S.K.: 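Handing you a structure now.
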Amino acid sequence: MKLDILGWKPFFADSFRIYHPQGFVPARVSLEHKNSFVVWTELGEMPAVPSGRMYFDADTRGDLPTVGDWVAVQILDECDPHAVIHALLPRTSKVSRKQAGKSTGEQPLAANIDTLLIVVGLDDNFSLRRVERYVTLAWDSGSRPVVLLSKSDVCHEVASRVIEVEASAPGVPVHALSAIAGVGLGVLDEYLRPGQTLALVGSSGVGKSTIINYLLGQTTQRTQEVRSDDGKGRHTTTHRQMFALSSGALVIDTPGMRELGLWGVDEGLSGAFADIVRLAEGCRFADCSHGGEPGCRIRQALDDGGLDPARFENFQKMGKELGYLARKQDKGAEAAHRAKWKKIHKEAGKIMKQKYG
């Protein structure tokens with residue numbers, strides 16, 4: 001495999017220079033398991049595991065590799081190649097969410113993404129508010145968001161849905177398509193350029209795997225219909241995986257998400273709701289709460305119909321969610337820091353006891 005067709009760029013080459021003298025080679029993570037990975041190198045595909053030092057130095061899950069990452073590896077046993085990952089190269093982008101449940105930890109979904117394809121089903125599970133959350137995630141990641149409205153064959157209001165999403169995601173390309181019916185798929189060609197990396201994200205059952213199968217020209221990913229009683233999907237993709245397309249582009253499929261918790265997306269919130277941010281900047285008072293103060297541009301826009309109340313409510317909801325997460329993370333970071341150094345001191349004590357009795 002040649003590195004350039006795997007998305008290798010001068011940015012990564014510059015970052016890798018310090019590892020070349022150590023005999024390491026560059027590799028890209030294509031598949032993630034619980035405690036191991038599959039990587040692509042110039043020698044081909046092979047299993048890989050992070051070094052003990054990498055695990056020890058990682059403060060959060062985000063410090064460990066994820067699909068799409070470029071890493072520095074040591075290849076062992078050329079007859080039966082496998083690798084040890086010694087370093088993670090700097091990322092050009094990273095898509096992360098908060099871990100599901102009560103945890104405030106980070107769950108990286110993909111790294112070094114050029115275009116994030118946000119797949120939204122035009123069925124009973126359609127939600128503008130969910131679109132806004134995914135667009136916020138995309139803007140914060142450093143990748144370019146594109147919304148794909150899938151299952152257009154089951155929707156009788158496709159044109160109006162497109163208009164609604166464009167209004168909720170200003171500046172983001174929006175395309176309606178149906179992979180099953182073969183409708184509108186040609187719009188994807190403009191994003192499938194050689195060396196470009198794309199990732200698909202979306203809720204369960206929106207049709208990500210069906211789109212992947214279309215792009216690959218074969219049934220690689222299992223697909224499953226949504227439940228008829230509530231319109232919700234079931235998980236069919238169970239892990240993140242990168243595929244190489246015949247066009248020279250790379251695409252990452254991710255498991256469907258029933259819960260999309262925000263993770264450090266302050267900049268993404270400003271990007272996804274740029275219209276609201278601009279209105280707020282025009283308020284008479286810098287600390288305007290947008291409740292009833294005189295000269296409030298947001299209240300004026302709500303009153304005259306220039307701003308959708310549900311969109312503004314979602315903006316406020318996500319802002320509060322980020323504030324709560326930040327407070328929880330501060331407490332969690334302090335506890336993790338204490339636990340880490342307690343472990344270090346404990347190990348040091350064992351060594352001193354063994355050495356000096």
Side-chain angles (χ1 to χ4, degrees), residues 3 6-9 11-12 15-16 19 24 26-41 45-73 82-101 103-118 134 137-145 196-202 208-209 212 221 235 237-244 249-257 259-265 268 329:
L3 294 181
L6 300 180
W8 188 250
K9 299 175 182 177
F11 173 81
F12 302 119
S15 301
F16 185 77
Y19 301 109
F24 298 156
R28 194 167 194 192
V29 178
S30 65
L31 178 62
E32 180 178 352
H33 296 296
K34 185 175 181 179
N35 296 309
S36 63
F37 302 88
V38 174
V39 298
W40 290 343
T41 73
E45 182 180 271
M46 64 187 68
V49 294
S51 68
R53 172 57 61 181
M54 173 173 277
Y55 269 123
F56 184 80
D57 289 342
D59 290 325
T60 69
R61 180 62 187 83
D63 295 329
L64 293 172
T66 191
V67 175
D69 265 323
W70 281 99
V71 293
V73 304
H82 56 282
V84 176
I85 303 173
H86 287 275
L88 178 67
L89 299 190
R91 295 154 166 157
T92 58
S93 64
K94 181 181 65 170
V95 182
S96 290
R97 70 164 181 171
K98 185 186 78 65
Q99 291 177 354
S103 171
T104 60
E106 176 186 10
Q107 181 184 11
L109 302 176
N112 301 315
I113 306 303
D114 298 299
T115 303
L116 189 67
L117 301 177
I118 302 167
Y134 275 106
L137 180 85
W139 280 129
D140 194 71
S141 73
S143 57
R144 177 178 57 162
Q196 290 289 295
T197 302
L198 303 89
L200 280 77
V201 295
K208 298 188 304 299
S209 294
I212 289 285
Q221 298 294 79
H235 295 284
T237 299
T238 58
H239 50 255
R240 290 173 287 281
Q241 183 172 4
M242 184 163 61
F243 301 92
L250 303 141
V251 61
I252 297 173
D253 193 13
T254 65
M257 290 179 280
E259 178 184 336
L260 180 59
L262 301 180
W263 171 264
V265 293
Q329 285 174 340

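In this text, all values refer to a predicted model and were calculated from it rather than measured experimentally.
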S.K.: Check whether any side-chain heavy atom of Met54 lies under 4.5 Å from a side-chain heavy atom of Pro65, and answer yes or no.
M.R.: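 Yes. Closest side-chain heavy atoms under 4.5 Å.
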S.K.: Between OG of Ser143 and CG of Leu137, what distance do you get to the nearest 0.5 Å?
M.R.: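 Reported to 0.5 Å precision, the distance equals 8.0 Å.
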S.K.: Please report the closest heavy-atom contact between Ala244 and Trp40, naming both atoms and the distance.
M.R.: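 Nearest pair, atom of Ala244 first, then Trp40: N-CH2, 3.9 Å.
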S.K.: Could you work out, with side-chain contact (heavy atoms from CB on, under 4.5 Å) as the rule, every residue matching Thr92, not counting sequence neighbours?
M.R.: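 Only Phe11, Phe12, Asn112 meet the side-chain contact (heavy atoms from CB on, under 4.5 Å) criterion with Thr92.
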S.K.: Can you sort out the partners of Ala72 under side-chain contact (heavy atoms from CB on, under 4.5 Å), two or more places apart, ordered by chain and number?
M.R.: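 So Ala72 forms a side-chain contact (heavy atoms from CB on, under 4.5 Å) with Phe16, Tyr19, Phe24, Ala87.
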S.K.: Which heavy atom of Ser30 sits nearest a heavy atom of Val67, and at what distance?
M.R.: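 Nearest heavy atoms, Ser30 then Val67: O-CG1, 3.9 Å.
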S.K.: Output all residues satisfying side chain to side chain donor-acceptor pair (under 3.5 Å) with Thr115, sequence neighbours left out; order by chain, then residue number.
M.R.: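 Expected list: Arg144.
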S.K.: When rounded to the nearest 0.5 angstrom, what distance separates CG in Leu117 from OH in Tyr134?
M.R.: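 Result: 13.0 Å between the selected atoms.
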S.K.: Specify the closest pair of heavy atoms between Thr254 and Leu200, including all atoms of both residues, with the distance to one decimal.
M.R.: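 Reported closest heavy-atom pair: OG1-O, 2.7 Å.
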S.K.: If you measure from CG on Leu109 to CD on Glu32, what distance do you get to the nearest 0.5 Å?
M.R.: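 The distance works out to 9.5 Å.
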S.K.: Taking only residues two or more places apart in sequence, or in another chain, which ones meet Trp8 in a ring pair (Phe, Tyr, Trp, His ring centres under 6.0 Å)?
M.R.: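 By the ring pair (Phe, Tyr, Trp, His ring centres under 6.0 Å) rule, Trp8 matches Trp70.
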S.K.: What closest approach, in Å, do Ile85 and Val73 show between heavy atoms, and which atom pair accounts for it?
M.R.: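 Scanning both residues completely, I find the closest heavy atoms to be CG1-CG1, 3.9 Å.
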S.K.: Could you check whether any side-chain N or O of Arg28 sits under 3.5 Å from a backbone N or O of Leu6, counting only pairs where one atom can act as donor and the other as acceptor?
M.R.: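 Yes.
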S.K.: Do you know the tightest heavy-atom contact between Pro50 and Val84?
M.R.: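 Result for this residue pair: C-CG1, 4.5 Å.
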S.K.: Are any non-hydrogen side-chain atoms of Leu88 and Asp63 less than 4.5 angstrom apart?
M.R.: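 No, every pair of side-chain atoms sits at 4.5 Å or beyond.
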S.K.: Counting distance only, does the side-chain N/O of Ser93 pair as donor-acceptor with the main-chain N or O of Ile113 below 3.5 Å?
M.R.: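 Yes; at least one donor-acceptor contact below 3.5 Å.
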S.K.: Apply side chain to side chain donor-acceptor pair (under 3.5 Å) to Ser15 and list each qualifying residue two or more places apart in sequence or on a separate chain.
M.R.: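 Expected list: none.
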S.K.: Is any side-chain heavy atom of Ile252 closer than 4.5 Å to a side-chain heavy atom of Thr197?
M.R.: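 A side-chain contact under 4.5 Å exists here.
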S.K.: Residues two or more places apart in sequence or in another chain: which of them pass salt bridge (charged side-chain N to carboxylate O under 4.0 Å, His left out) with Arg91?
M.R.: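 Expected list: Asp69.
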S.K.: Is the closest side-chain heavy-atom distance between Tyr55 and Asn35 below 4.5 Å?
M.R.: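 With C-beta onward as the side chain, the pair touches.
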S.K.: Gln241 and Ile212: side chain to side chain contact (heavy atoms under 4.5 Å, CB included), yes or no, with the steps?
M.R.: CA-CA 11 Å; Gln241 183 172 4; Ile212 289 285; over 6 Å; no
S.K.: I'd like to check the side chain to side chain donor-acceptor pair (under 3.5 Å) partners of His86; sequence neighbours left out, ordered by chain and number.
M.R.: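 Only Gln74 meet the side chain to side chain donor-acceptor pair (under 3.5 Å) criterion with His86.
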S.K.: Holding to side chain to side chain donor-acceptor pair (under 3.5 Å), I want the full list of residues that pass it with Thr41, two or more places apart in sequence or in another chain.
M.R.: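 By the side chain to side chain donor-acceptor pair (under 3.5 Å) rule, Thr41 matches no residue at all.
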